[in-house]
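Written out below as structure tokens is the structure these notes cover.
Values below: all heavy atoms of this structure, side chains included; hydrogens, waters and symmetry mates excluded. Throughout, protein chains are lettered first and strands after them, A, B, ... in sequence-line order, and every chain is numbered starting at 1.
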Amino acid sequence: GNSVTQMEGPVTLSEEAFLTINCTYTATGYPSLFWYVQYPGEGLQLLLKATKADDKGSNKGFEATYRKETTSFHLEKGSVQVSDSAVYFCALRRAGGSYIPTFGRGTSLIVHP
Amino acid sequence: EAGVAQSPRYKIIEKRQSVAFWCNPISGHATLYWYQQILGQGPKLLIQFQNNGVVDDSQLPKDRFSAERLKGVDSTLKIQPAKLEDSAVYLCASSSDYRYEQYFGPGTRLTVT
């Protein structure tokens with residue numbers, strides 16, 4: 001079946017540091033891949049997405065590239081801010097059939113001033 | 001545009017009691033989802049509605065959980081009787097159509113003692 005594996009958190013960084021949160025997936029066919037962000041006390045928000053191999057999703061300085069050969073979709077940001085502190089979820093939606101996302105466990109990011 | 005509304009935001013009950021959660025989706029959104037998010041895990045779909053019909057409830061524990069979406073707008077999720085393992089955040093999400101982006105509410109945090 002489909003599954004998503006994320007690196008365990010919390011990830012703790014100083015402001016302006018480089019961020020990488022690893023995400024790998026298992027799926028049949030060609031899924032669409034997503035990163036969601038959940039700020040404290042709020043619901044999940046779609047951060048970025050990629051629908052086919054080699055696509056790069058980007059938003060608010062975050063980027064992730066759909067790598068079919070390594071089945072990965074790592075999230076990166078060149079310079080994090082305190083306001084980026086949140087929980088980040090990697091997810092996939094299988095091509096065809098059900099469009100329900102399969103989520104990873106989430107990775108907590110804590111950015112210190 | 002108003003987002004997805006949920007109430008209550010927090011609820012504490014004793015095991016074997018019953019509880020109900022309410023969700024008001026974004027106006028005009030045909031698809032509504034209920035997810036269960038246990039601490040340290042990604043959201044898991046419980047039930048999906050298309051208008052007022054159930055599309056997928058394969059992961060809903062039907063012996064104790066029930067959900068309805070009267071008139072294809074608001075929805076209620078009920079647990080009766082609650083167990084300790086039901087402690088989680090219950091997320092409601094909606095989308096204009098099942099193929100499109102889901103918008104999440106802030107969730108209801110349930111603690112069963």
[X], [atom1] atom: more than 12 neighbouring heavy atoms under 6.0 Å:
X       : atom1 : answer
B:Lys44 : NZ    : yes
A:Lys77 : NZ    : yes
A:Glu8  : CD    : no
B:Lys62 : NZ    : yes
B:Leu39 : CG    : no
B:Glu85 : CD    : yes

If hydrophobic clusters are built from ILVMFWY residues whose side chains come within less than 4.5 Å, do [X] and [Y] share one?
X       : Y       : answer
A:Leu92 : A:Met7  : yes
A:Leu33 : A:Val4  : yes
B:Ile13 : B:Val89 : no
B:Val54 : B:Leu46 : yes

Calculate, to the nearest 0.5 Å, the distance between atoms [atom1] and [atom2] belonging to [X] and [Y] respectively.
X        : Y        : atom1 : atom2 : value
A:Phe34  : B:Glu101 : CZ    : CD    : 8.5 Å
B:Phe104 : A:Glu42  : CZ    : CD    : 13.5 Å
B:Gln37  : A:Leu44  : CD    : CG    : 6.0 Å

Minimal non-hydrogen separation, [X] against [Y], with atom names:
X        : Y        : answer
A:Pro101 : B:Tyr35  : CD-OH, 3.4 Å
B:Gln41  : A:Phe89  : O-CE2, 4.0 Å
A:Gly41  : B:Pro106 : O-CB, 4.0 Å

Notebook entry, point to check: For chain B, which residues from residues 103-113 of chain A lie under 4.5 Å away (heavy-atom distances)?
Noted result: A:Phe103, A:Gly104, A:Arg105
Notebook entry, point to check: Is it the side chain or the backbone of B:Arg9 that comes within 4.5 Å of chain A heavy atoms, both, or neither?
Noted result: side chain
Next item on the list: Pick one of side chain, backbone, both or neither for A:Gln38, based on which atoms fall under 4.5 Å of a heavy atom in chain B.
Entry: side chain
Notebook entry, point to check: At a heavy-atom separation under 4.5 Å, does A:Tyr39 approach chain B through its side chain, its backbone, both, or neither?
Noted result: neither
